[in-house]
Chemist: 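Handing you this structure, nothing more for now.
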Amino acid sequence: MSRQRRIVNLALIGFMGSGKSSVGRLVAESLGFEFVDTDSLIEASTGRTISDLFAQNGENAFRELETRVVGELAARHHTVISTGGGLAARQENLDNLKQHALVVCLWASPEKIWERVRHQTHRPLLQDANPLARIRELLEQRESVYKLADVLVNTEMRPLKEVAQQVVHHFNSVRSRPS
Ligand code: S3P
């Protein structure tokens, strides 16, 4: 059964370090939308950090929290939603987002991602002896899912401000299209 899509929000998916939060904030500002980040929503509702949740409850419990947050986001409008890098890997989450949001995937190569995240320590999945190899492995596992986004934007060679402008352009052209 397929429900009619009603695009009133914009969701950013993509790997850790692809620029979702930075681009999302710029896009929200430009559109006059609210900005939310699924990791922050989870941290606020549980009162715990993502690292704590992974360490104490495990990744599966974290994924359940992500799915719950995605369900709650369906009630929103005029919102830019930045998602955790693994959220869209669960098909149910991606399908739910697509009901009310244009889904844009930000893309970058493993090397570029590593360059961006190497000095950060808050991502449990990258606490690995060989983080670059881990990035390559996870990216390969998720690539086919990321490509199910409505729009794929390469963030590799251009400043995030330009990426944000491109995302706004895509969103406005979809919104102004007669249904
Ligand atoms: C994850 C990405 C993180 C966060 C968690 C797991 C992933 O979010 O949700 O550490 O599975 O790729 P960011 O993409 O915002 O870093």
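Atoms within a ligand are numbered from 1 in the order they appear, just like the ligands themselves.
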Chemist: At under 4.0 Å between heavy atoms, is it the side chain or the backbone of Glu59 that contacts ligand 1, or both, or neither?
Modeler: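 The answer is neither.
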Chemist: With a 4.0 Å cut-off on heavy atoms, is Arg63 in contact with ligand 1?
Modeler: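 Contact check Arg63 vs ligand 1: positive.
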Chemist: For atom 5 (C) of ligand 1, what is the closest protein heavy atom, and at what distance to 0.1 Å?
Modeler: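 It is Ile50 CG2, 3.9 Å.
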Chemist: I need the full list of salt bridge (charged side-chain N to carboxylate O under 4.0 Å, His left out) pairs touching residues 58-76, with sequence neighbours left out, sorted by first then second residue.
Modeler: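 Counting only pairs at least two positions apart or across chains, the salt bridge (charged side-chain N to carboxylate O under 4.0 Å, His left out) contacts touching residues 58-76 are Glu34-Arg76, Glu59-Arg63, Arg63-Glu66, Glu64-Arg90.
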Chemist: Without hydrogens or angle criteria, can the side chains of Ser22 and Arg116 be said to hold a donor-acceptor pair below 3.5 Å?
Modeler: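 Their side chains do not contain a donor-acceptor pair, so the 3.5 Å distance test is not met.
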Chemist: Taking 4.0 angstrom as the limit and counting only heavy atoms of Phe62, give me the atoms of ligand 1 inside it, by number and element.
Modeler: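 Heavy-atom distances to Phe62 below 4.0 Å select 9 (O).
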Chemist: For Phe171 and Ile7: C-alpha separation, side-chain torsions, deciding distance, then whether side-chain contact (heavy atoms from CB on, under 4.5 Å) applies.
Modeler: CA-CA 9 Å; Phe171 187 69; Ile7 296 179; 3.9 Å; yes
Chemist: Which of the atoms in ligand 1, numbered in the order shown and given with their element, are less than 4.0 Å from a heavy-atom of Pro124?
Modeler: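 Those qualifying, in numeric order: 10 (O).
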Chemist: Let me see the working for Thr121 and Leu126 under side-chain contact (heavy atoms from CB on, under 4.5 Å), right down to the final yes or no.
Modeler: CA-CA 8 Å; Thr121 54; Leu126 299 183; over 6 Å; no
Chemist: Okay, side chain of Ser82, backbone of Gly24: is any donor-acceptor separation there less than 3.5 Å?
Modeler: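 It does not hold such a pair.
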Chemist: For the residue pair Gln99 and Asp95, confirm or rule out a side-chain donor-acceptor distance under 3.5 Å.
Modeler: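 No - no donor-acceptor pair under 3.5 Å links their side chains.
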Chemist: Give the residue, atom name and distance (to 0.1 Å) of the protein heavy atom nearest atom 9 (O) of ligand 1.
Modeler: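 The answer is Asp39 OD1, 2.8 Å.
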Chemist: According to salt bridge (charged side-chain N to carboxylate O under 4.0 Å, His left out), does anything in residues 141-153 pair up with another residue at least two apart or in another chain? List the pairs.
Modeler: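 Counting only pairs at least two positions apart or across chains, the salt bridge (charged side-chain N to carboxylate O under 4.0 Å, His left out) contacts touching residues 141-153 are Arg5-Asp150, Glu143-Lys147.
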Chemist: Counting heavy atoms only, which part of Leu87 comes closer than 4.0 Å to ligand 1: side chain, backbone, both or neither?
Modeler: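 Looking at Leu87 and ligand 1, no heavy atom falls under 4.0 Å.
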Chemist: Using a strict 4.0 Å cut-off to heavy atoms of Leu125, name the atoms of ligand 1 that fall inside it.
Modeler: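 Once the distances to Leu125 are compared, the set is 7 (C), 11 (O).
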Chemist: Only heavy atoms count here, so choose which of Arg142, Arg123, Glu66, Lys20 is nearest to atom 12 (O) of ligand 1.
Modeler: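 Of the listed residues, Arg142 has the closest heavy atom.
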